[in-house]
Amino acid sequence: MATSALAAAAVLFLLAGGAVAGHDEAAARRTMEEFAGFPASDDDGRGGRSSPFYVDSDGLQRQIDELASFSDSPAPSVTRVLYSDKDVQARRYIKGIMNQLGLSIREDAVGNIFGRWEGSEAGLGAVATGSHVDAIPFSGKYDGVVGVLGALEAISMLKRSGFQPKRSLEVIMFTSEEPTRFGISCLGSRLMAGSEELALSLKETVDNQNVSFFDAADSAGYKMHPEELHNVFLKKDNYFAFIELHIEQGPILEKEGIQIGVVTAIAAPASIKVEFEGNGGHAGAVLMPARNDAGLAAAELALAVEKHVLESGSIDTVGTVGILQLHPGAINSIPNVRDIDEKRRNNIIEKVHQSAIEISKKRGVVLSEFKIINQDPPALSDKSVISAMEFAAKQLNLEYKLMISRAYHDSLFMARISPMGMIFIPCYKGYSHKPEEYASPEDMVNGVKVLALTMARLSLQ
């Protein structure tokens, strides 16, 4: 037991990049040799001399730029939709990097990709990390991607340092975090978390071109029978911990000049489909008192969503109308409300429902549908993972902030099968899902180092 603690302390000192005062590079190399069991090289792989714990920042940025070139929209925007040709190219690119790192690669029925570095005690639950690389139309090149390519760079730097994991380390590229094609967010991780409801609904799911989910998957090389979706489900002891590195997608870290965000909770949205039906008619000829305008009913409901959210009394409660479709005589609108407090969020949903009923009566339209599409519970980060992330930030002398994620991620569903945590890095003006999305090389280096140290610490437990 004492030997294990000594080994852990040795590697954690090394991974801190020499942050502990009074130790020189020679001492760091001796520590590495003692821990790794073989002479440590300080060759940086490019003919230079470097600390064994370094991030290949130029290489990481090059990979991000190369991945962004697999896009159905022109640069600087990125469009990469599930099972499209560009999505298939991106998958091939990620597997190529995993292969270069010597990871064992597997894919499940829907295309979640796993790259594993086997630990010395491979029978133990693995420490996993990862994110997604699909991108909504005309978005940016950092959302999700930093959590996949950054995770692979974290594995690479641990290998360069001579680190030997006890628990296996695994990088996951999740299928379809974005709901672009089939209207289902976090499709891959939902299935991994065992969603029977999703597995059933996919049998009837089609995109806006009436292409079924299974035909789309087949076109991308994932030919499956509906019953094979159950093979994607994972057991709760499959992972010891899961950590996701991600840009904040908000302005707080940049505004406050803080380097790292340690996520304590992830808000979850509830999406609602509302349909009002009114009478059509000539826009000029039908007199105003005789109109039953479904479009105005929808507009009034959109304002009601805003009103109820603002009245919640919490800055953590947010809501909007994300899709509004006008048709002759009908309107479909999809309000979306999210919060880290499930009871508070659900209370707002009920208020929105009551407003929809009142609006339909007042405007003489029919409320033909009020359907809750999804109502996922929020997720809390695990205390042990939070502790490991805080430890890593402190060892690296990085200022960090405990914060929540108002956007939701694959981590929300991984929390159902594993202790979970997230690491945020700042992004320019909080921009995301737009071409101006940007994370600086320095911030990505910090995030990769915190991730690597967190994984190393958890791997030794």
What I want to find out is whether Lys429 reaches Glu436 closely enough, with some N-O distance under 4.0 Å, to be called a salt bridge. no
Suppose we screen for side chain to side chain contact (heavy atoms under 4.5 Å, CB included). Which residues come up paired with Ser381, at least two apart in sequence or across chains? Val263, Ile386, Met420
Sidechain-backbone polar pair: [X] side chain, [Y] backbone, donor-acceptor under 3.5 Å:
| X | Y | answer |
| --- | --- | --- |
| Glu121 | Lys166 | no |
| Ser185 | Glu178 | no |
| Ser161 | Leu158 | yes |
| Ser104 | Arg116 | yes |
| Glu170 | Ala126 | no |
| Arg160 | Tyr54 | yes |
| Thr454 | Val450 | yes |
| His132 | Asp134 | yes |

So, Phe242 versus Phe174, ring centres under 6.0 angstrom or not? yes
Aromatic rings Trp117 and Phe163: how do their planes relate, parallel, tilted or perpendicular, breaks at 30° and 60°? perpendicular
Suppose we screen for side chain to side chain donor-acceptor pair (under 3.5 Å). Which residues come up paired with Ser84, at least two apart in sequence or across chains? none
Listed by chain and number, what are the side chain to side chain donor-acceptor pair (under 3.5 Å) partners of Lys307, not counting sequence neighbours? Glu311
Between the side chains of Tyr400 and Glu390, does any donor sit under 3.5 Å from an acceptor? yes
Taking the six-membered ring of Tyr83 as reference, does the cationic atom of Arg181 (NZ for Lys, CZ for Arg) lie under 6.0 Å from its centre and within 45° of its axis? no
